[in-house]
Amino acid sequence: MPELPEVETIKRELQTLLTGKTIVRCRVMRPDIIGYPETREFKRRIRNQVITRIHRRAKYLLMDLAGGSTLIFHLRLSGALLVKTKGKISRHARIVFLLNDGSNLIFDEPRVLGRAYLINKDEQPHVLKGFHELSYEPISPEFDLAYFAKNLGKRKAIIKSVLLDQKVCAGVGNIYSDEALFRAGIRPFRRASRLKPAEIFKLLLALKDVLHLGIKHLGTSVSDYRRVNEQTGNFQKMLRVYAQEGKPCKVCGTPIVVKKIGNRGTRYCPKCQK
DNA sequence: ATGACGTCCTGCCTGC
DNA sequence: TGCAGGCAGGACGTCA
């Protein structure tokens with residue numbers, strides 16, 4: 001699923017392919033993929049807009065348009081942004097943006113959980129509440145020991161849930177939270193407020209480390225994540241616990257286990273993680 | 001305010 | 001072979 005490193009990879013690829021191009025118009029196959037505004041208005045506002053800048057905030061991908069509005073995507077679990085000049089359009093294409101050079105930007109999303117938004121400059125609609133509540137990203141300089149320790153200290157929830165909280169660790173998802181906890185040697189079920197200072201520091205470094213590694217290796221393709229040309233990332237080859245259940249731990253040989261936390265699978269080594 | 005949990009949605013996998 | 005049911009999971013709403 002696209003988390004911070006995957007969206008960062010997609011962003012970098014789209015920057016070279018789309019910056020300066022014009023969205024002539026779009027075709028919407030599934031109106032419910034549009035979070036805001038309603039479909040007719042979305043299609044009307046998107047016409048003949050020049051893409052001036054492409055950037056990223058946590059797991060959101062943003063395209064600034066010359067008219068002052070921003071096209072925002074959240075890919076959720078299975079979304080992809082594909083650029084194609086020819087070939088047939090996949091059956092999971094939900095929105096197709098026709099560009100002035102004849103190529104297409106395709107918002108492909110099998111599970112229809114992802115969303116596209118078109119937001120005017122001075123508009124702060126409640127539909128993007130989560131976006132405005134995002135905290136620092138672990139790879140940013142502001143995400144330091146003081147910030148992390150303060151936010152973990154006031155939370156009684158288990159550490160895994162806190163890592164997934166976008167109001168604490170913006171951009172972190174299931175893959176990188178499991179990987180960071182493994183590298184820090186911390187069990188996902190530990191209460192956040194009960195972690196020792198040394199553990200918080202190790203976890204901080206592990207989080208920064210796995211996210212940077214994920215970016216360096218162009219993301220993790222274990223299920224649905226695809227880059228703009230449909231190629232995969234490479235970080236799945238370096239995973240130590242995520243999608244490794246049943247396999248021996250690379251450090252101690254103990255089989256990696258998977259347990260439910262909330263409604264999501266959590267993988268860890270029962271021996272290495274205390 | 002916080003934490004726990006259900007819901008959305010579809011494709012894929014499993015088991016009968 | 002065919003199909004029902006379970007599962008995956010990020011964000012968000014609801015409830016205690």
Side-chain angles (χ1 to χ4, degrees), chain A residues 1-8 10 28-36 56-62 72-81 90-95 106-117 119 124-135 137-138 150-181 188-195 211 214 219-226 230 236 239 241-246 256-268:
Chain A
M1 62 239 58
E3 304 178 24
L4 187 155
E6 289 73 33
V7 182
E8 177 66 22
I10 292 166
V28 179
M29 285 78 169
R30 279 290 294 257
D32 45 350
I33 207 93
I34 299 175
Y36 185 89
R56 179 192 63 75
R57 176 77 176 99
K59 302 175 199 170
Y60 292 85
L61 189 121
L62 300 91
I72 305 177
F73 296 95
H74 196 299
L75 306 176
R76 290 284 189 107
L77 307 176
S78 56
L81 288 165
S90 112
R91 69 195 176 105
H92 298 130
R94 307 309 187 192
I95 307 178
I106 300 161
F107 185 20
D108 193 90
E109 168 52 312
R111 285 181 242 189
V112 205
L113 287 170
R115 289 291 180 267
Y117 308 86
I119 307 297
Q124 296 229 333
H126 65 281
V127 287
L128 268 170
K129 191 164 142 290
F131 178 81
H132 295 289
E133 288 175 354
L134 289 170
S135 72
E137 300 175 9
K150 182 181 147 218
N151 278 277
L152 295 192
K154 62 186 180 192
R155 297 292 296 269
K156 291 197 175 76
I158 58 178
I159 184 62
K160 164 80 184 231
S161 301
V162 179
L163 293 183
L164 293 176
D165 187 342
Q166 301 302 296
K167 296 193 265 310
V168 179
C169 305
V172 175
N174 211 24
I175 299 172
Y176 295 93
S177 59
D178 280 5
E179 290 297 309
L181 285 166
F189 303 93
R190 296 274 303 279
R191 297 281 150 187
S193 58
R194 304 287 287 273
L195 295 184
L211 291 172
T220 305
S221 298
V222 283
S223 51
D224 300 292
Y225 164 62
R226 291 154 291 161
E230 298 188 278
Q236 65 277 8
L239 295 175
V241 284
Y242 189 84
Q244 307 301 304
E245 49 267 37
I256 301 299
V257 298
V258 55
K259 288 201 175 151
K260 283 271 183 194
I261 289 183
N263 233 351
R264 50 182 53 87
T266 296
R267 285 85 178 170
Y268 66 98

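Numbered from 1 within each chain, the chains take letters A, B, ... in sequence-line order.
At least one side-chain nitrogen or oxygen of A/Tyr242 sits closer than 4.0 Å to the OP1 or OP2 atom of C/dG9. The side chain of A/His74 places no N or O atom within less than 4.0 Å of a non-bridging phosphate oxygen (OP1 or OP2) of C/dG10. Considering only side-chain N and O atoms, A/Arg264 lies under 4.0 angstrom from the phosphate OP1 or OP2 of C/dG10. Residue A/Lys59 places at least one side-chain N or O closer than 4.0 Å to OP1 or OP2 of C/dA11. Not one side-chain nitrogen or oxygen of A/Arg115 sits closer than 4.0 Å to the OP1 or OP2 atom of C/dA11. Contact annotation: A/Gln166 reaches the phosphate of C/dA11 (side-chain N/O to OP1 or OP2, under 4.0 Å).
Salt bridge present: A/Arg57 and A/Glu137 bring a charged side-chain N and a carboxylate O closer than 4.0 Å.
Of the possible polar contacts, none joining the A/Arg115 side chain to the A/Leu75 backbone as a donor-acceptor pair under 3.5 Å is found. Between the side chain of A/Lys59 and the backbone N or O of A/Val172, at least one donor-acceptor pair lies under 3.5 Å. With hydrogens and angles ignored, the 3.5 Å screen pairs a side-chain donor or acceptor of A/Glu179 with a backbone N or O of A/Tyr242. Put simply, the side chain of A/Glu3 gets close to the backbone of A/Ile175: a donor and an acceptor are under 3.5 Å apart.
Summarising the geometry, the separation between CD on A/Glu109 and P on B/dC8 is reported as 16 Å, rounded to the nearest angstrom. A/Arg267 places its CZ atom 13 Å from the P atom of C/dC7, with the value rounded to the nearest Å. In this structure, the NE2 atom of A/His92 is 11 Å from the C1' atom of B/dC12, given to the nearest Å. Atom pair A/Leu75:CG and C/dG10:P shows a separation of 13 Å (rounding to whole Å applied). Note: CG (A/Leu77) to P (C/dA11) measures 9 Å, nearest angstrom. If you measure from atom CD of A/Glu3 to atom C1' of C/dG9, you get 10 Å, rounded to the nearest angstrom. If you measure from atom CG of A/Leu113 to atom P of B/dG6, you get 18 Å, rounded to the nearest angstrom. Look at NZ on A/Lys167: it is 10 Å from P on C/dA11, rounded to the nearest Å.
Remark on the helix from B/dT2-C/dA16 to B/dC16-C/dG2: inter-end axis angle 50°, axes from five-pair C1' superpositions, rounded to 10°.
Looking at heavy-atom distances under 4.0 Å, A/Gly265 makes contact with sugar-phosphate atoms alone, never a base. Counting non-hydrogen atoms under 4.0 angstrom, A/Gly173 reaches nothing in the nucleic acid.
In the interface, the side chain of A/Arg76 is not paired with the base of C/dG9 through any donor and acceptor atom under 3.5 Å apart.
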Steps toward salt bridge (charged side-chain N to carboxylate O under 4.0 Å, His left out) verdict (A/Glu109, A/Arg94): CA-CA 6 Å; A/Glu109 168 52 312; A/Arg94 307 309 187 192; over 6 Å; no

Residue pair A/Leu113, A/His74: steps toward the side chain to side chain contact (heavy atoms under 4.5 Å, CB included) verdict: CA-CA 9 Å; A/Leu113 287 170; A/His74 196 299; over 6 Å; no

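Nearest nucleotide to the A/Lys156 side chain, out of C/dG13, B/dG3, B/dC8: B/dG3. Comparing B/dG3, B/dC9, B/dG11 by their closest approach to the side chain of A/Arg91 singles out B/dG11. Candidate nucleotides C/dG9, B/dG3, B/dC9 were compared by shortest atom distance to the side chain of A/Arg30, and B/dC9 ranks first. Each of B/dG3, C/dG9, C/dC12 was ranked by its minimum atom distance to the side chain of A/Arg155; first place goes to B/dG3. Relative to the side chain of A/Arg191, the nucleotides B/dA4, B/dG3, B/dT10 differ in distance, and B/dA4 lies closest.
In this view, A/Tyr268 and A/Phe189 satisfy the ring pair (Phe, Tyr, Trp, His ring centres under 6.0 Å) rule, not counting sequence neighbours.
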